[in-house]
Each structure stands twice: as C-alpha cells, then as structure tokens.
Student: 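Here it is, the structure in full.
Each chain gets a letter, A, B and so on, in the order the sequences are listed, and its residues count up from 1.
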Amino acid sequence: MCGRYSLAIPKEQIEQRLSIQINQALKPSYNIAPTHQAYVMTAEQPLRLQPMYWGLIPHWSKQAKLTGKHINARKEGIQTKPSFRLSVRYRRCLVPADSFYEWRTEGQVKIPYRIHNTDLSMMVMAGIWDEWTDGQSSIRTFSIITTPPNEEMQSIHTRMPLFLETANQQSAWLSSTDLNEVLGMMNVLENNRLSMYRISTELNKPQNNYAELQKAVPEPPTLFS
DNA sequence: CCAGACGTTGTT
DNA sequence: GTCTGG
DNA sequence: CCAGACGTTGTT
DNA sequence: GTCTGG
C-alpha cells in the first residue's frame, strides 16, 4: 500500500505546514513512483527538504540498486526487521504529500483513485531513511510506514500510510529518542479525514507527470442506476 | 561453523 | 506467471 | 504501485 | 550489519 503519491502544491503551503523555510525550487510531482526521487525532512537537516530515492536500500546492502523492494515498512514488528530496525530507531523522516493513489480492479482494468485530506491540507506521512555508501558515492533512500486501514479505507485497501496529523506527532516522529512512546502516540486515523475520487488510468504509467492526472473522472453509471 | 536472507502488497 | 524498471 | 519484458547467435 | 537455517 501506498505505492504511488504526489507532492505538487506551492512550497508556501509546505513551509507553513512543516514550519520551515525552503530556499530551493521544488520540482512538483503528480506521480511519485517507487525509485523516483521525492522530498523528505529529517532531524539531521530539519530546516529544509532533501531529495531521496523512494525504496529504502539498507546501508549493508551489497549493491546500491534501486529495486523498489522497500517502499513500505509495516509499523507492526518494524523494530525486529533487519532492514528497518536501525532506521526506525535513528533515522525517521517526514514525507510530505498532497495525495496518495490506490487502485480498484474492474475486470482487467486498474482504475486509480486519488486520496487526499478532506480539508485539502497537506499530508505528512511517517517515513524512515538510510544512507548507502561505498566510499566512492552515496545514496539516500526512504520508505513509508504503513498501518492497518481505518474503517473507511478498508473499502479500498488492506493497508494505509501512517499519517502524522499534529505538530506534536511530527516532532516526536522526527526527534524523540523513545521509540516505543513514539509508536504509541500514533493513533488510527479518524474516519472522514480522507476523501477519494476516481482519476484517469493515465496515472498508471509512472513516467506520466502532469496536473491533469489529478482531474476527477466521473464514475461510469452502473447497470441499475 | 558458514550460507543465505534480510520486504510489502495483494492473489482468480 | 514472474521479474525488472521506473 | 503499474508497465513491460521475458532470448540467442552473430554482427551493420 | 545481524539473524536464521542447516
């Protein structure tokens, strides 16, 4: 879950939500796919966004290959997973988004839906990151934490991203040293916080990236309506 | 001891 | 069907 | 996450 | 790097 998302809002909106100054031009993306670069915020460099590749590569991996294997990390049991345990303890990050995407399969066709905050505010997803280096070069990568869905998200999928709604949650996720306390303060998202609508299958191609991808497509009429 | 894995989602 | 690439 | 490839010999 | 399986 959460295998595709977007961040294409004005940077002022990001600055306001994260209480930071962004002294760089941001590349908007309407279609962030695994292995793409996206912006995250870490405690290490808390005053700015930094680009990292989506799909965590553990620092001990033999190859710095973007396999897209670790785009998500389950919150449950994360502390015991070799690929994630050090990152979740020492290298957590905030992943800003304006929406994420999920698919419904109709026959052979995969129909994408855009899911955003009902109040249109920016989303902050919980992430972890790692840095792989071999002396020559280094690469930073991240993963998005997932949780069981709340009631309304169950209709579309079996998992959902972990959202950090309050500034308190965000700062704890970034810099608290008490991991169990941090994990404990993340509650199930209330219903009605998220809204979704059908969009074009043009989203399916990871290389497509333009604003029209987020345009609503009407649900086709069913046989009995 | 060494070798090999180390992850997630969703599946008619 | 399954793996790789983006 | 989805889309697209999935192979060999021999070579312009 | 660290854990599990043999």
Side-chain angles (χ1 to χ4, degrees), chain A residues 1-8 27-39 51-92 95 97-116 123 125-135 138-150 153-162 179 194 196-210 212-214 217:
Chain A
M1 240 270 349
C2 200
R4 212 73 79 80
Y5 71 101
S6 64
L7 181 66
K27 290 181 189 167
S29 181
Y30 302 89
N31 197 0
I32 302 170
T35 73
H36 290 185
Q37 266 189 319
Y39 297 104
M52 293 193 190
Y53 290 93
W54 186 17
L56 186 142
I57 300 172
H59 61 92
W60 43 259
S61 287
K62 285 170 185 161
Q63 289 191 315
K65 200 177 177 192
L66 289 166
T67 63
K69 259 186 184 175
H70 304 121
I71 60 172
N72 295 138
R74 294 173 71 99
K75 175 171 168 268
E76 312 93 286
I78 192 172
Q79 296 179 73
T80 65
K81 303 287 185 184
S83 295
F84 301 139
R85 35 169 270 150
L86 289 177
S87 286
V88 78
R89 190 162 165 193
Y90 300 114
R91 292 181 291 277
R92 299 186 293 268
V95 184
D98 61 60
S99 66
F100 68 101
Y101 303 108
E102 292 293 352
W103 281 260
R104 268 183 179 139
T105 303
E106 291 181 2
Q108 312 288 322
V109 187
K110 293 179 173 179
I111 308 294
Y113 285 76
R114 178 169 187 245
I115 302 164
H116 59 89
M123 296 165 146
M125 301 186 287
I128 55 179
W129 63 280
D130 207 344
E131 183 174 62
W132 186 98
T133 180
D134 68 352
S138 68
I139 180 174
R140 289 183 172 204
T141 55
F142 73 98
S143 182
I144 294 171
I145 310 297
T146 68
T147 72
N150 65 6
M153 282 295 112
Q154 274 177 24
S155 64
I156 191 142
H157 267 296
T158 57
R159 306 288 298 174
M160 67 183 283
L162 174 58
L179 179 56
L194 300 177
M196 74 173 90
Y197 61 88
R198 181 177 179 136
I199 56 177
S200 164
T201 54
E202 287 173 41
L203 182 87
N204 294 12
K205 293 189 182 187
Q207 61 267 39
N208 286 347
N209 183 17
Y210 37 83
E212 293 72 31
L213 293 177
Q214 297 188 331
V217 167

Student: Could you check how far OH of Tyr30(A) sits from P of dG6(C), rounded to whole Å?
Tutor: 24 Å
Student: Rounding to the closest angstrom, what is the interatomic distance between dC2(B) and dG10(D) at atom P?
Tutor: 44 Å
Student: If I take atom CZ in residue Arg85(A) and atom P in nucleotide dT4(E), what distance separates them, rounded to the nearest angstrom?
Tutor: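 Answer to the nearest Å: 11 Å.
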Student: Going by ring-ring contact (aromatic ring centres under 6.0 Å, His included), name the residues that satisfy it together with Tyr5(A), two or more places apart in sequence or in a different chain.
Tutor: Trp54(A)
Student: Using atom P in both nucleotides, what's the gap between dT9(B) and dC3(E) to the nearest angstrom?
Tutor: 23 Å
Student: Look up atom CZ in Arg74(A) and atom CD1 in Ile145(A), then write down how far apart they are to the nearest 0.5 Å.
Tutor: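 Atom-to-atom, Arg74(A):CZ and Ile145(A):CD1 are 12.0 Å apart.
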Student: About how many Å separate OH of Tyr30(A) and CD of Glu202(A), when rounded to the nearest 0.5 Å?
Tutor: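 Reported value, rounded in 0.5 Å steps: 14.0 Å.
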Student: Between dA3(B) and dG7(D), how far is it from one P atom to the other, in whole Å?
Tutor: 29 Å
Student: Assuming nearest nucleotide by heavy-atom distance, tell me which of Thr147(A) and Lys62(A) is located more 5' along DNA chain B.
Tutor: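 Looking at DNA chain B, the more 5' nearest nucleotide goes with Lys62(A).
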Student: Please determine, for the side chain of Lys65(A), which listed nucleotide (dG6(C), dG5(C), dT11(B)) has the closest atom?
Tutor: dG5(C)
Student: Let's go through Met153(A) and Met196(A) carefully: what are the C-alpha distance in whole Å and the side-chain angles of both, what is the deciding distance for side-chain contact (heavy atoms from CB on, under 4.5 Å) to 0.1 Å, and is it a yes or a no?
Tutor: CA-CA 10 Å; Met153(A) 282 295 112; Met196(A) 74 173 90; 3.5 Å; yes
Student: For dT9(B), does either OP1 or OP2 sit under 4.0 Å from a side-chain N or O belonging to Arg159(A)?
Tutor: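 It does, given that an N or O in the side chain of Arg159(A) lies less than 4.0 Å from OP1 or OP2 of dT9(B).
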Student: Verify the contact: side-chain N or O of Thr146(A) to OP1 or OP2 of dT9(B), cut-off strictly under 4.0 Å; return yes or no.
Tutor: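 For dT9(B), OP1 or OP2 has a side-chain N or O of Thr146(A) closer than 4.0 Å.
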Student: May I ask you to check whether over 12 heavy atoms, not counting those of Tyr210(A), lie within 6.0 Å of atom OH?
Tutor: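 Yes.
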Student: Nearest to the side chain of Pro82(A), heavy atoms from C-beta on, is which of dC2(D), dG7(B), dT8(B)?
Tutor: dG7(B)
Student: Identify, with sequence neighbours excluded, every residue that meets ring-ring contact (aromatic ring centres under 6.0 Å, His included) alongside His36(A).
Tutor: none
Student: If you compare all heavy atoms of Arg104(A) against all heavy atoms of Ser155(A), which two are closest, and at what distance to 0.1 Å?
Tutor: NH2-O, 3.6 Å
Student: To the nearest angstrom, how far is Ile111(A) atom CD1 from dC1(D) atom P?
Tutor: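 After rounding, the reported distance stands at 16 Å.
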Student: In whole angstroms, how far is the C1' atom of dG1(E) from the CG atom of Leu56(A)?
Tutor: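 Those two atoms, CG and C1', are 14 Å apart.
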Student: Heavy atoms from C-beta onward define the side chain here; which of dT9(B), dG7(B), dC6(B) lies closest to that of Trp60(A)?
Tutor: dC6(B)
Student: Rounded to whole angstrom units, what separation is found between the CD atom of Glu202(A) and the P atom of dC1(D)?
Tutor: 21 Å
Student: Just checking Lys69(A): base, sugar-phosphate only, or nothing, at a heavy-atom cut-off of under 4.0 Å?
Tutor: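 Base contact.
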Student: In whole angstrom, give the distance that lies between atom NZ of Lys110(A) and atom C1' of dA3(D).
Tutor: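 Rounded to whole Å, this separation is 9 Å.
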Student: Tell me, what's DNA chain D's dot-bracket, Watson-Crick or G-U with both distances under 3.5 Å, | for other-strand, [ ] crossing?
Tutor: ||||||......
Student: Is the distance from OP1 or OP2 of dT9(B) to the nearest side-chain N or O of Arg74(A) less than 4.0 Å?
Tutor: yes
Student: Which nucleotide wins on minimum distance to the side chain of Lys81(A), given the candidates dT9(B), dG5(C), dG7(B)?
Tutor: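 So the side chain of Lys81(A) is nearest to dG7(B).
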Student: Can you check the distance between dT8(B) and dC1(D), where both ends of the measurement are the C1' atom (answer in whole Å)?
Tutor: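 Roughly 11 Å separates the two C1' atoms.
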Student: Could you tell me the separation between the CG atom of Leu213(A) and the CG atom of Asn204(A), rounded to the nearest 0.5 Å?
Tutor: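 Spacing of CG (Leu213(A)) from CG (Asn204(A)) equals 10.0 Å.
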Student: Identify whether any heavy atom of Ser83(A) sits under 4.0 Å from a base atom; if not, whether one sits that close to sugar-phosphate; answer base, sugar-phosphate or nothing.
Tutor: sugar-phosphate
Student: Is Phe84(A) touching bases, backbone alone, or none of the nucleic acid, heavy atoms closer than 4.0 Å?
Tutor: sugar-phosphate
Student: Once you round it to whole Å, what is the distance between P of dG6(C) and CG of Leu213(A)?
Tutor: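 Spelled out: CG on Leu213(A) to P on dG6(C) is 19 Å.
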Student: If the cut-off is 4.0 Å, is Lys205(A) near the phosphate of dA3(D), judged by side-chain N/O to OP1 or OP2?
Tutor: no
Student: Return the value, rounded to whole Å, for the distance between atom CZ of Arg114(A) and atom C1' of dC2(D).
Tutor: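 Result: 19 Å.
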Student: Please round to the nearest 0.5 Å and tell me the distance separating atom CG of Asn72(A) and atom OG1 of Thr147(A).
Tutor: 10.5 Å
